[in-house]
Structure formats: C-alpha cells, structure tokens
Amino acid sequence: MERGGAVYIMTNQHHTVFYTGVTSDLIARVYEHKTKAHPGSFTAKYNIDKLVYFEPFHSIEEAIAREKQVKKYRREKKIALIEGLNPEWKDLYDSIE
C-alpha cells in the first residue's frame, strides 16, 4: 500500500529564508516547525514557522522526487511557485487542518 506525501515550503516572518521539505504527514511536520520541536534545526534557528506552499502527492516517492526538483530552484522560481498558489503569502497551516 502506497502512502501519500507532500512537498512544502516554509519561510520566516519577513520572507528572507526558505525551507523546502517533504513529509508523509504535513500537519504534524509543520506543527513541529511551528513549535520548534527540534531546537537545533535550521528552521528553529531562523524562525521559519510559516507554511506558504505545499503540493500533495499520491506516493511519498513522487513527493521526494518533486522535493529534489524544488530544492534546486533558484529563489526567484520558488517565489513564483509560492505566488502562483498563495499570492498574499498567507500561512496555509490552518487550511490543511
């Protein structure tokens, strides 16, 4: 049985730093970022707690492949992805609960 997944992009309050990740449980993973469950992590260090983009997939393998693509994107292309889905840069966390 395949398990779904999602690629996501998070940022900080001023949108100066991006974090691209992949997960099989988007709600739980974003919650970990928001609560700084891993205090020494990149997202905790740079106060990255705003979900601005995500793409769901039917399998985690598809999500991992897409994450590898997105991680290679330059900042401008990531901004275009975000603004295509979320032009106001709202925190999408509440929309996935």
Can a donor-acceptor pair be found, under 3.5 Å and without considering hydrogens, that links the side chain of Glu83 to the backbone of Ala80? no

Heavy-atom count around Gln13 CD within 6.0 Å, excluding the residue itself: above 12? no

What distance separates Lys78 NZ from Lys71 NZ, expressed to the nearest 0.5 Å? 8.0 Å

Would you say the side chain of Tyr53 lies within less than 4.5 Å of the side chain of Val70, judging by non-hydrogen atoms? no

Side chain to side chain contact (heavy atoms under 4.5 Å, CB included) between Lys50 and Met10, intermediate numbers included: CA-CA 5 Å; Lys50 185 176 178 183; Met10 295 190 68; 5.7 Å; no

Any heavy-atom pair between the side chains of Asp25 and Arg29 that's under 4.5 Å? no

If you look at every heavy atom in Gly5 and Ala63, which pair is closest and at what distance? C-CB, 3.9 Å

Side chain proximity check, Ile9 to Phe54, heavy atoms < 4.5 angstrom: no

Does any non-hydrogen side-chain atom of Leu85 lie less than 4.5 Å from one of Leu92? yes

Output for pair (Tyr46 OH, His14 NE2), nearest 0.5 Å, gives 15.0 Å

Here the gap from Ile48 atom CD1 to Asn12 atom CG, rounded to the nearest 0.5 Å, amounts to 6.0 Å

Under a 3.5 Å distance rule, please check whether Ser24 uses its side chain to pair with a backbone N or O of Gly4 as donor and acceptor. no

Once you round to the nearest 0.5 Å, how far does OG1 of Thr11 lie from CG of Asp49? 9.0 Å

Start with the C-alpha gap between Ile60 and Val22, add the side-chain angles, then the distance that decides, and say whether side chain to side chain contact (heavy atoms under 4.5 Å, CB included) holds. CA-CA 8 Å; Ile60 192 67; Val22 65; 4.2 Å; yes

I'd like to check Glu32 versus His38 (side-chain heavy atoms, cut-off strictly below 4.5 Å). Are they in contact? yes

So does Tyr31 have more than 12 non-hydrogen atoms from other groups sitting under 6.0 Å from OH? no

Determine, stepwise, if the pair Val30 / Thr23 fulfils side chain to side chain contact (heavy atoms under 4.5 Å, CB included). CA-CA 9 Å; Val30 173; Thr23 183; over 6 Å; no

Could you tell me whether the side chain of Ile79 reaches within less than 4.5 Å of the side chain of Trp89, counting heavy atoms only? yes

State whether Phe18 and Arg75 meet the cation-pi test: NZ (Lys) or CZ (Arg) under 6.0 Å from the six-membered ring centroid, and within 45° of the perpendicular axis. yes

Worked check of side chain to side chain contact (heavy atoms under 4.5 Å, CB included) between Glu67 and Thr20: CA-CA 7 Å; Glu67 179 206 25; Thr20 303; 4.3 Å; yes

Any Asp91 side-chain heavy atom under 4.5 Å of Lys34 side chain: yes

Kindly indicate whether the side chain of Tyr8, heavy atoms from C-beta on, has any atom under 4.5 Å from the side chain of His33. yes

Has Tyr73 got more than 12 heavy atoms of other residues, nucleotides or ligands less than 6.0 Å from its OH? yes

